[in-house]
Amino acid sequence: MNNQSHQDHSSRRERLFVAIRLPVAVQQSLQMDARLVQNKLDFRKWTDHRDYHITLQFLGDTLVSDIGHLRKALRSAASGFQPFELQLSDWGTFGLEEAPKVLWKGVSGEIEHLFSLQKQIVQATSPLGYEAELRPYAPHITIARKYLGQLPGNENKGISGVLPEHSTGVNSWMVEDIVLYVTRLGQSPMYEAVDTFTFS
C-alpha cells in the first residue's frame, strides 16, 4: 500500500453506532408481527428484520483511524457487565399520533441493567470526543418510518387499533454482548457489524 492510499484510508469516515443485536429467533418473531401491521398501515420505509436492534449510542461519522481507540473503550465498557434478560413489550410511536414519524417496539425485563449499560458506554466514549444525546435515553426497536396513512379497510380503527397486542413467537432473550455497527446506506440489510464485545 503506498502512502497516498494509506492516507486516504485513514482519513475516510464511517457512520457508526453501538447497539444490542436481537437474536435471529426474536428478529423473526418481530418480523411476523411487523407483517401483520404492514397489511394495515402504510409507512414509507419498513426496517429489514435483520437490522432490528436497540441503539445504545449513536456515534456518527468517525475517522477509520480512530476506530481502534473506540474498540478499546467499548471492550472496557462491556467487560464490567453480566448478561441480563430483555423481552419485547408494547408498540409505540414518535411524532404526531395521527402521523407518526416512527413506529417502534419497546422492551421490558431487566431494564435497569440496560440503562446502566447505556450510561457506561457513553462514559467510556466521552474521552474520545463522543457526546451523549440531550434527550433522555428511550430504548426501542425501530420497525417503520414516515407514516403515509392507513390502508383501505382500517381507516376507522386508528393506529393503536390495528397493532397486535401480543408477539406471536419468541419474545425474550439474554443480552450477552454489544455490537459496533457501521451504516451502509442503500444496502439491505443496512447495518454491518464491525466488532462484537462480550460481557465478562
Answer yes or no: is there a side-chain heavy-atom contact under 4.5 Å between [X] and [Y]?
{"X": "Leu74", "Y": "Leu180", "result": "yes"}
{"X": "Phe81", "Y": "Ser116", "result": "yes"}
{"X": "Val26", "Y": "Asn171", "result": "no"}

Counting only heavy atoms not in [X], do more than 12 fall under 6.0 Å of its [atom1]?
{"X": "Arg75", "atom1": "CZ", "value": "yes"}
{"X": "Arg50", "atom1": "CZ", "value": "yes"}
{"X": "Arg35", "atom1": "CZ", "value": "no"}
{"X": "Gln123", "atom1": "CD", "value": "yes"}

Practice item. Go through the structure and list residues passing salt bridge (charged side-chain N to carboxylate O under 4.0 Å, His left out) with Asp177, not counting sequence neighbours. Key: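 With neighbours one apart ignored, the set is empty.
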
**Study point:** All salt bridge (charged side-chain N to carboxylate O under 4.0 Å, His left out) counterparts of Glu133, not counting sequence neighbours
**Key:**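 Once residues adjacent in sequence are excluded, the partners of Glu133 under the salt bridge (charged side-chain N to carboxylate O under 4.0 Å, His left out) criterion are Arg135.
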
Check your understanding: Rounded to the nearest 0.5 Å, how far does OG1 of Thr93 lie from CD1 of Ile143?
Key ->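 Answer rounded to 0.5 Å: 13.0 Å.
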
Exercise for review: Starting at CG of Leu86, measure out to CD of Glu110 and round the result to the nearest 0.5 Å.
Suggested key: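 Separation between the atoms: 7.5 Å.
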
Check your understanding: Counting N and O atoms only, with roles assigned by atom type, does the side chain of Thr196 sit under 3.5 Å from a partner on the main chain of Val179, one being a donor and the other an acceptor?
Key ->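 A pair under 3.5 Å: no.
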
Holding to side chain to side chain contact (heavy atoms under 4.5 Å, CB included), I want the full list of residues that pass it with [X], two or more places apart in sequence or in another chain.
{"X": "Val182", "result": "Glu14, Leu16, Arg184, Glu192, Val194"}
{"X": "Lys146", "result": "Arg44, Leu148"}
{"X": "Trp104", "result": "Phe94, Val102, His140"}

Point to revise | Criterion side-chain hydrogen bond (donor to acceptor under 3.5 Å, both in side chains) on Gln57 and Thr125, from CA distance to verdict | key: CA-CA 9 Å; Gln57 187 182 15; Thr125 60; 2.8 Å; yes

**Study point:** Distance flag, aromatic centroids of Phe17 and Phe58, threshold under 6.0 Å
**Key:**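 No, too far apart.
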
Exercise for review: Name all residues meeting the ring-ring contact (aromatic ring centres under 6.0 Å, His included) criterion together with Tyr130; count only those two or more places apart in sequence or in a different chain, and write none if there are none.
Suggested key: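 With sequence neighbours excluded, Tyr130 shows a ring-ring contact (aromatic ring centres under 6.0 Å, His included) to no residue whatsoever.
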
